[in-house]
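This structure is a prediction, so every number in the text was calculated from the model and none was measured. Computed from heavy atoms alone, side chains included, the values below leave out hydrogens, waters and symmetry copies.
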Amino acid sequence: MIVSWNTTNQCNMYCGHCYRNAGVKIEEELSTAEGKALLDEIKKAGFKIMIFSGGEPLLRPDIFELVQHAVGLGLRTVFGTNGTLITPETAKRLKELGVMGMGISLDSLDPAKHDELRQMKGAWAGAVQGMKNCKEAGLPFQIHTTVMDWNQDEVLAITDFAVQMGAVAHHQFFLVPTGRGKEIEDEALKVEQYESLLSQIMKKQKEVDIELKPTCAPQFMRIAKLEGMDLRFSRGCLAGTHYCIISPTGLVQPCAYMDQYIGNVREVPFSKIWAENQVFQNLRTMEYKEGCGTCAFKVKCGGCRARAAIYHEGDYMAEDPWCLYRG
């Protein structure tokens, strides 16, 4: 099971697709003590993988203290970061503390395009240098790419770049229009493009040794199955079943792209929210509607619950409209 904690809303970038609308620190962010208590609850709830994300998590002054606490609890600790703040010293420190991996964003092989999306000059160069610093420190890293219409033709080339850089994985995040992403919804792939690229990624997986994983695109599990591929993943959409996210102020969501706050860890212990919240209980029934409900791959795929909610007036159990399969 995987949990992501947006440790801070503060960020040194202003990315056009940011679901958290990050940039400026929020005064009500969880304190160090509250953060440690949250990590205790995450462990109690049975989670194995702890993602420190943001905003930009490396801007949080107590991040090393929080990491040390998470590792001490036995949580497999990883990061989601833009990579620009991973200095050689930071990479070495994180490695020494027991961090298992860094997810570094890279959205294009063209520095100008990446920098434009990230609204920061030098973002591309900083991310690539961060990768190099991780490699030098022996800290595993993977590349995260947000997929849109203007970079879809680069995705497989970015995989080759990831191999060249020594990354352990390349994860492709398909744009879901939430947060600032609502303003660039027209840049999301159309259904036919989405299906085609997923097929290309799965075929690419047969050619490279690093892990490829489409995210917010659970249909890749169906494509892999039909291709006779045996992936290590048990399911496509993990929202509420094997994954959730916690905001900088302690609000819990089934996933980053479902704009539905279902509890606050300052008011109810996280382990109780995870075990008892009705939204989580509903998602775990897998009693989806329409096509997703009758699909032969509903357990392996699950459809994107965030897209279901966005395009069905908040009904997260509805059919995922970004799927061509009928069977």
Side-chain angles (χ1 to χ4, degrees), residues 2 4 15-20 51 53 80 82 103-109 113-114 117-118 142-159 162 169-205 210-225 227 231 233 235-240 242-243 245 253-259 291-292 295 297 300-312 316 318-325:
I2 307 170
S4 179
C15 304
H17 63 291
C18 183
Y19 65 83
R20 190 57 74 194
I51 304 174
S53 61
N82 60 48
I104 300 175
S105 298
L106 194 79
D107 304 303
S108 176
L109 294 179
K113 290 181 179 179
H114 177 85
L117 177 66
R118 301 281 163 177
Q142 60 190 48
I143 289 179
H144 292 170
T145 300
T146 298
V147 181
M148 289 163 279
D149 59 359
W150 55 265
N151 69 351
Q152 60 178 310
D153 293 335
E154 290 189 71
V155 170
L156 302 186
I158 296 174
T159 293
H170 180 206
H171 289 193
Q172 304 86 14
F173 290 74
F174 285 70
L175 178 67
V176 179
T178 57
R180 285 201 292 269
K182 293 178 182 177
E183 300 173 14
I184 57 172
E185 182 176 1
D186 60 344
E187 296 180 23
L189 297 192
K190 304 303 181 282
V191 179
E192 293 80 6
Q193 297 171 317
Y194 172 83
E195 182 83 7
S196 174
L197 184 53
L198 287 180
S199 295
Q200 293 175 55
I201 291 170
M202 288 299 96
K203 290 177 181 177
K204 185 72 171 179
Q205 180 65 91
I210 69 171
E211 176 185 278
L212 306 185
K213 184 181 184 296
T215 300
C216 303
Q219 289 80 11
F220 83 92
M221 291 294 289
R222 179 246 305 159
I223 292 171
K225 180 68 174 178
E227 286 280 338
L231 304 179
F233 312 109
R235 182 170 165 78
C237 181
L238 304 179
H242 300 77
Y243 170 83
I245 191 166
Q253 296 169 257
C255 87
Y257 306 99
M258 287 179 68
D259 291 334
C292 284
C295 182
F297 295 95
K300 277 287 186 181
C301 171
C304 178
R305 295 300 97 209
R307 285 195 182 89
I310 289 170
Y311 296 107
H312 291 92
Y316 52 84
E319 176 182 86
D320 178 359
W322 249 244
C323 184
L324 289 177
Y325 184 76

Residues passing the side-chain hydrogen bond (donor to acceptor under 3.5 Å, both in side chains) test with Tyr257, sequence neighbours excluded, are none
Got a donor-acceptor contact below 3.5 angstrom from the Glu154 side chain to the Ser108 backbone? no
Could you tell me the separation between the CG atom of Leu197 and the CG atom of Asp153, rounded to the nearest 0.5 Å? 8.5 Å
Please name all residues satisfying salt bridge (Lys or Arg N to Asp or Glu O under 4.0 Å) with Glu183, sequence neighbours left out, ordered by chain then number. none
Assign the ring pair Phe297 / Tyr325 to parallel, tilted or perpendicular, where the plane angle (0 to 90°) is split at 30° and 60°. perpendicular
Could you check whether any side-chain heavy atom of Pro218 comes within less than 4.5 Å of a side-chain heavy atom of Arg305, counting everything from C-beta outward? no
State which residues pass salt bridge (Lys or Arg N to Asp or Glu O under 4.0 Å) with Glu227; sequence neighbours excluded, sorted by chain then number. Lys206
Quick one: sort the Tyr194 and Phe174 rings into parallel, tilted or perpendicular, breaks at 30° and 60°. perpendicular
Qualifying residues under side-chain hydrogen bond (donor to acceptor under 3.5 Å, both in side chains), relative to Ser53, sequence neighbours excluded: Ser4, Asn6
Check against side-chain contact (heavy atoms from CB on, under 4.5 Å), Lys213 and Gln205: CA-CA 9 Å; Lys213 184 181 184 296; Gln205 180 65 91; over 6 Å; no
Is Gln253 reaching over with its side chain to a backbone N or O of Met258, donor-acceptor style, under 3.5 angstrom? yes
Does some side-chain heavy atom of Arg235 sit less than 4.5 Å from a side-chain heavy atom of Tyr243? no
Between Ala256 and Thr178, which heavy-atom pair has the shortest distance, and what is it? O-OG1, 4.4 Å
With a 3.5 Å distance limit and no angle check, can you tell me whether His242 reaches the backbone of Leu238 through a side-chain donor-acceptor pair? no
Against Thr146, only a single residue in Gln172, His17, Glu187 fulfils side-chain hydrogen bond (donor to acceptor under 3.5 Å, both in side chains); can you say which? His17
Which atom names give the shortest non-hydrogen contact between Ala157 and Leu109, and what distance separates them? CB-CD1, 3.7 Å
Whether the side chain of Trp322 engages the backbone of Gln219 through a donor-acceptor N/O pair (distance < 3.5 Å, no angle test) should be reported. no
Between atom CD1 of Ile143 and atom NE2 of His171, what is the distance when rounded to the nearest 0.5 Å? 11.0 Å
Listed partners of Arg222 passing salt bridge (Lys or Arg N to Asp or Glu O under 4.0 Å), at least two apart: Glu195
Between Leu117 and Trp150, is the side-chain contact (heavy atoms from CB on, under 4.5 Å) condition met? List the steps. CA-CA 11 Å; Leu117 177 66; Trp150 55 265; 4.1 Å; yes
Say whether, by atom type as modelled, one donor and one acceptor occur between the side chain of Asn151 and the main chain of Asp107 under 3.5 angstrom. yes
Are His170 and Thr159 linked by a side-chain donor-acceptor pair shorter than 3.5 Å? yes
All salt bridge (Lys or Arg N to Asp or Glu O under 4.0 Å) counterparts of Arg307, not counting sequence neighbours: none
Distance-minimising heavy-atom pair for Asp320 and Cys292: N-SG, 3.3 Å
Using side chain to side chain donor-acceptor pair (under 3.5 Å), reason through Gln200 and Ser196 one step at a time and then give a plain yes or no. CA-CA 6 Å; Gln200 293 175 55; Ser196 174; 3.1 Å; yes
Can you tell me how far apart CD1 (Ile310) and NZ (Lys182) are? Round to the nearest 0.5 Å. 8.0 Å
Check Leu198 against Ala217 and note the closest heavy-atom contact, atom names and distance. CD2-CB, 3.7 Å
To the closest 0.5 Å, what do you measure between CG (Leu231) and CZ (Phe220)? 6.0 Å
With rounding to the nearest 0.5 Å, note down the distance linking CD1 in Ile210 to NZ in Lys204. 9.0 Å
How long is the span from the CD1 atom in Ile245 to the CD1 atom in Ile51, to the nearest 0.5 Å? 8.0 Å
Beyond-backbone contact of Leu156 with Ile201, side-chain heavy atoms, under 4.5 angstrom: yes
For Cys237 and Gly303 the tightest heavy-atom approach is CB-O, 3.1 Å
Has Arg118 got a side-chain atom pairing as donor or acceptor with Lys113's backbone, closer than 3.5 angstrom? no
Please name the pair of heavy atoms, one in Tyr311 and one in Glu185, separated by the smallest distance, quoted to 0.1 Å. OH-OE2, 2.8 Å
Over 12 foreign heavy atoms within 6.0 Å of NZ, Lys225: no
